[in-house]
Amino acid sequence: QVQLVESGGGLVQTGDSLRLSCAASGRSFSDHDMGWFRQAPGKERRDFVAGTRGGGVNTDYSDSVSGRFTIFRDNAEKTVYLQMNSLKPEDTAVYYCAMPSGTKAKTQTSPWSYAYWGQGTQVTVSS
């Protein structure tokens, strides 16, 4: 079975940094796309944050985090990271990592393209 386990969330102040980790098990990792999504308080959907393509180094980011967040992966450790800098209160959300059922996410920014999800980790940014 595929399992994604997240860690690294917490309570921080505006301008602080956090690094989220997502460890994968149960299947191959290096060939697979991976994504980070977040669900803000009171919201019903998960919004795309960042994505990385399996088998390469291509990355993509939402406009709201571009220039502040960085997604990267350690294929040997089967772990994908989200480095979050210059955090803002609007970044407060539950953050999820995700993996598609196949190798590639058909639409990288859509949560419907991902079959496997981590449990989520809470990030709270105070003013």
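Put simply, the side chain of R68 gets close to the backbone of S86: a donor and an acceptor are under 3.5 Å apart. Formation of a donor-acceptor pair under 3.5 Å by the T52 side chain with backbone atoms of T59 is not found in this model. Proximity of a side-chain donor or acceptor of T14 to a complementary backbone N or O of S126 within less than 3.5 Å is detected. With Y61 contributing its side chain and I71 its backbone, the two residues share a donor-acceptor pair below 3.5 Å. Proximity of a side-chain donor or acceptor of K78 to a complementary backbone N or O of R27 within less than 3.5 Å is detected. Looking only at distances, a side-chain donor or acceptor of T121 sits under 3.5 Å from a matching main-chain atom of G9. Judged by distance alone, the side chain of T79 and the main-chain N or O of D74 form no donor-acceptor pair under 3.5 Å.
Between A105 and R53, the shortest heavy-atom contact is O-NH1, 3.4 Å. Taking every heavy atom of both residues into account, T92 and Q122 meet most closely at CG2-NE2, 4.1 Å. Nearest heavy atom pair, residue S17 against residue Q83, reads CB-NE2, 4.0 Å. In this structure, A24 and L4 approach most closely via the heavy-atom pair CB-CD2, 3.6 Å. Contact record, P41 with A93: CD-CA, 4.3 Å, taken as the closest heavy-atom pair. The two atoms that bring V80 and F29 nearest to each other are N-CZ, 4.1 Å, heavy atoms only.
In summary, the side chains of S62 and R38 do not present any donor paired with an acceptor at a separation below 3.5 Å, with no hydrogens or angles considered.
Taking R19 as the reference, nothing meets the salt bridge (charged side-chain N to carboxylate O under 4.0 Å, His left out) condition, with sequence neighbours excluded. F69 is linked by a ring-ring contact (aromatic ring centres under 6.0 Å, His included) to nothing, counting only residues two or more places apart in sequence or in another chain. When the ring-ring contact (aromatic ring centres under 6.0 Å, His included) test is applied to Y114, the partners found at least two apart in sequence or on another chain are F37. For K104, the salt bridge (charged side-chain N to carboxylate O under 4.0 Å, His left out) partners at least two apart in sequence or on another chain are D33. A search for salt bridge (charged side-chain N to carboxylate O under 4.0 Å, His left out) contacts involving D16 returns nothing, not counting sequence neighbours.
Once rounded to the nearest 0.5 Å, the distance linking NZ of K88 with OG of S64 reads 8.5 Å. Note that OH of Y116 is 10.0 Å distant from CD of Q1, once rounded to the nearest 0.5 Å. The structure places NZ of K106 at 8.0 Å from OG of S113, a figure rounded to the nearest 0.5 Å. Rounding to the nearest 0.5 Å places CD of E6 at 5.5 Å from CD of Q119.
Taken together through direct or relayed side-chain contacts under 4.5 Å among Ile, Leu, Val, Met, Phe, Trp and Tyr, W117 and M34 form parts of separate hydrophobic clusters. In the hydrophobic clustering of this structure, L20 groups with V125; members are Ile, Leu, Val, Met, Phe, Trp, Tyr whose side-chain heavy atoms approach within less than 4.5 Å, directly or through other members. A continuous path of ILVMFWY side-chain contacts below 4.5 Å connects L18 to V65, so both sit in one hydrophobic cluster.
Within the structure, the ring pair (Phe, Tyr, Trp, His ring centres under 6.0 Å) test picks out the following pairs touching residues 74-102 (sequence neighbours left out): F72-Y81.
Looking at Q108 and D60, their side chains come closer than 4.5 Å, going by heavy atoms from C-beta outward.
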- [ ] Kindly determine whether D91 and M84 satisfy side-chain contact (heavy atoms from CB on, under 4.5 Å), including the steps that lead there.
- [x] CA-CA 9 Å; D91 295 319; M84 305 184 295; over 6 Å; no

